[in-house]
Amino acid sequence: MSVLLFTEGGDELSLQALTLAESLGGDVRAVELAGPYAPAAWAAAIVEAAAGADAIVGPGSDRGNEVLAHVAARLDLPFAANVTEVRGDELTRIRWGGTLLEEARLQTTPKLLTAAPFAYAASNSPLRAETLPVEPGDAPCVVDHVAPDTGGKVSLADAKVVVSGGRGVGSAEGFAILEELAGLLDAAVGCSRVVTSAGWRPHSDQVGQTGTKVSPDLYIACGISGATQHIAGCKGAKKLLAINADREATIFAHADYAVVGDLHEIVPAITAELRKARGA
Ligand SMILES: Cc1cc2nc3c(=O)[nH]c(=O)nc-3n(C[C@H](O)[C@H](O)[C@H](O)COP(=O)(O)OP(=O)(O)OC[C@H]3O[C@@H](n4cnc5c(N)ncnc54)[C@H](O)[C@@H]3O)c2cc1C
């Protein structure tokens, strides 16, 4: 078995993809593409590099899935995205934003796979990727990145702590207590889709399947029920503290720490204790 692994450097998702590649057995050759992001041109380079490979594996990132989809179109082969386990020709993969686990059979060669984020532990093996320079030519490519204006605050994607609010916050103004706590923790403020749909916060603050995927050290979910589509965005958090008035809320099944109660009392109480502990 020879496996070509498409990596995006030594990031977490690429190391998880390496674990999937290693689980297939045999040799793993890792490649990293250099040059402007051009999914179609990158796919062409990968297809060329993968001649004779039994599998092409990528990370379950937006880019990993996009590039592998182009590879699949180019080779006219099926592609299994967001795989959680491979057993020979059989595999399990996540579909519908995490609401469904699909058992599938993939009998084509090469097998085209991406690893579902956080379904595999990051590999401890050194990731030695060969660099393949790619000139996009006429292929569509990203020419510039415009960073969102965070007003000098830490961004949602990079924050070590995220204080996130759901419908339970009650209003746009209700987020003031979350902002205050976030300020003390050097945290970013996130929210659920109900909140962005209500216009209480901008879409850029939304965490979830159709929002930002975060992986902070601590995710504080305030008044969020724990719908699958929300969890899809925060399951990479190392620890989750849930504050919810309903002791039966689904979010508690995902929580490391749970507080049952009214967030309008609990959040200011945490803030007050933090200030006290810091002597402020
Ligand atoms: C295709 C699709 C994509 C989606 N993408 C996303 C996505 O990216 N992100 C996302 O978040 N959702 C997404 N959703 C929506 C998702 O299914 C849920 O509807 C949404 O996450 C629920 O938001 P919520 O938890 O804020 O609200 P609710 O489900 O209404 O939960 C509110 C919670 O607040 C608690 N509460 C109420 N008052 C208080 C209080 N005073 N103190 C403490 N707790 C209180 C309640 O007990 C309840 O658990 C998507 C849905 C679909 C169909």
Side-chain angles (χ1 to χ4, degrees), residues 8-9 11-13 36-37 39 59-67 81-82 94 96-99 116-118 140-244 250-251 254 263-264 267 270-271:
E8 295 183 77
D11 70 311
E12 178 82 14
L13 296 186
Y37 178 55
S61 58
D62 290 344
R63 283 190 178 190
N65 284 323
E66 185 173 26
V67 170
N82 292 317
I94 295 176
W96 295 100
T99 52
F118 303 97
C141 69
V142 173
V143 289
D144 196 10
H145 289 273
V146 181
D149 182 7
T150 59
K153 294 181 186 165
V154 62
S155 77
L156 192 53
D158 297 331
K160 293 280 176 221
V161 180
V162 174
V163 182
S164 202
R167 194 199 300 269
V169 175
S171 64
E173 296 70 35
F175 273 84
I177 56 173
L178 276 68
E179 291 278 6
E180 193 182 354
L181 177 59
L184 278 179
L185 296 172
D186 196 21
V189 173
C191 67
S192 71
R193 188 163 97 165
V194 164
V195 168
T196 53
S197 300
W200 299 347
R201 306 285 299 184
H203 182 262
S204 53
D205 285 2
Q206 184 179 314
V207 172
Q209 181 189 331
T210 45
T212 302
K213 314 258 186 312
V214 298
S215 47
D217 292 338
L218 177 64
Y219 188 78
I220 306 178
C222 310
I224 294 175
S225 60
T228 316
Q229 296 88 354
H230 187 82
I231 299 298
C234 62
K235 66 184 173 196
K238 292 196 180 70
K239 297 284 179 198
L240 193 151
L241 160 62
I243 302 168
N244 200 297
T250 311
I251 191 86
H254 303 275
L263 72 91
H264 299 99
V267 173
I270 297 173
T271 303

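All values reported here derive from a predicted model rather than from experimental measurement. These numbers come from the heavy atoms of this one structure, side chains and all, not from hydrogens, waters or symmetry mates.
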Hey, are the side chains of I177 and L263 touching, using non-hydrogen atoms and a 4.5 Å cut-off?
yes

Are the side chains of V162 and C234 in contact, using a 4.5 Å heavy-atom criterion?
no

So, taking the atom named CD in E8 and the one named CG in L13, what distance separates them when rounded to the nearest 0.5 Å?
7.5 Å

Distance, nearest 0.5 Å, that separates CH2 of W96 from CD of Q209
9.5 Å

Hey, could you give me the CG/CG distance between L178 and D205, rounded to the nearest 0.5 Å?
11.0 Å

Working to the nearest 0.5 angstrom, can you tell me the gap between T228 OG1 and H254 NE2?
7.0 Å

Without hydrogens or angle criteria, can the side chains of T271 and E180 be said to hold a donor-acceptor pair below 3.5 Å?
no

Between S204 and L156, the two heavy atoms sitting closest are O-CD2, 3.6 Å

For the backbone of V207 and the side chain of H230, can you confirm whether one donor and one acceptor N or O come within less than 3.5 Å of each other?
yes

Check whether the side chains of E12 and S215 place a donor and an acceptor atom closer than 3.5 Å, and report yes or no.
no

Where G165 and V195 come nearest, the two heavy atoms and their spacing:
O-CG2, 3.5 Å

Say you draw a straight line from CD1 of I251 to CG of N244; how long is it, rounded to the nearest 0.5 Å?
7.5 Å

Mind checking whether T250 and S225 have side chains closer than 4.5 Å, heavy atoms only?
no

Find out whether P117 and N82 are in side-chain contact, i.e. whether some heavy atom of one side chain is under 4.5 Å from a heavy atom of the other.
yes

Is any side-chain heavy atom of R193 closer than 4.5 Å to one of Q229?
no

Looking at R201, Q206, H203, which hits side chain to side chain donor-acceptor pair (under 3.5 Å) with T196?
Q206

Rounded distance [0.5 Å steps], CD1 in I224 versus OG in S164
4.0 Å

Minimum side-chain heavy-atom gap Y37-V67 below 4.5 Å:
yes

Would you say L185 and I220 make side-chain contact, with heavy atoms under 4.5 Å?
yes

State whether the side chain of D217 and the backbone N or O of V161 hold a donor-acceptor pair below 3.5 Å, judged by distance alone.
no

